[in-house]
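A short write-up of the structure that comes next.
Counting starts at 1 for both ligands and their atoms, following the listed order.
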Amino acid sequence: VTLVLLDVDGTLVDASGAGRWALERAFETVFGAEGISAVTARVRFQGRTDPSIIAEIAARAGIPEARLSESARPFEETYLAFLEERLGRSGGARALPGARDLLAALERGAIPFGLLTGNIERGARLKLLAAGIANRFPAGAYGSDGADRDALGRIARERFESILGRGVPPREVVVVGDSPEDVRAARANGYRSLAVATGWTAAADLEAERPDAVLADLSATGSVLAWIAAGA
Ligand SMILES: [Mg+2]
């Protein structure tokens, strides 16, 4: 049995910039940060965890770390409220090609699967819901668990080990993601990686990270499943 850990943005969901937009509004609302989009324009978002992105924006906007951590709770609530508002608009989010079918097939095959995403947990759930992905993910690891993506990979596997009541060898874990960071986090943990070019990184650039496989998208459900099963 394999464990499949899936990234959210660019892999399962295209939230058409809702996350970035909501973060900007939260910085304006909570910290009175003006001209924040000029700041975020210089920040790389893809493949990173929310806490790491937020810390970089705050640093560039001159918001002291102490002020950021004091306001962590209201900031998160404000971000989630804006995110929900934006995702609720038409065209707010869509499931990427093959995402729904793959999740359905994993469920049918009783293959354990969960999320491995830099989104905070409630943000991930809002995006999936808005994209019409209603699957239950029994466990996973999220940006709300920490800023370091490599560490999140380990946390996700450990959570499944307690759910499944057995050890999960790293080579049984497959990470499905759209960014170089997903591939690197998989390698750092000894997992296999399946890179999909439905996000912000072209297939050729994903190849350069030497994932175990690269696909244009997840639409060939049968071959994706076969590949996942073959390596285990
Ligand atoms: Mg991604």
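In terms of hydrophobic clustering, with Ile, Leu, Val, Met, Phe, Trp and Tyr side chains grouped at heavy-atom distances under 4.5 Å, L87 and L12 are assigned to different clusters.
Within D9, O is the N, O or S atom that lies nearest to the Mg ion (ligand 1). The Mg ion (ligand 1) lies closest to atom OD1 when only the N/O/S atoms of D178 are considered. Taking the Mg ion (ligand 1) as reference, the nearest N/O/S atom within D7 carries the name OD2.
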(message) Determine whether F137 and E121 satisfy the following criterion, side-chain contact (heavy atoms from CB on, under 4.5 Å), listing intermediate values before the conclusion.
(response) CA-CA 11 Å; F137 296 89; E121 182 168 2; over 6 Å; no
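Figure legend: R192 and W227 shown as a cation-pi pair, the cationic atom lying under 6.0 angstrom from the six-membered ring centre and within 45 degrees of its axis. Cation-pi geometry between R20 and F45 is satisfied (NZ or CZ under 6.0 Å from the ring centre, within 45° of the ring normal).
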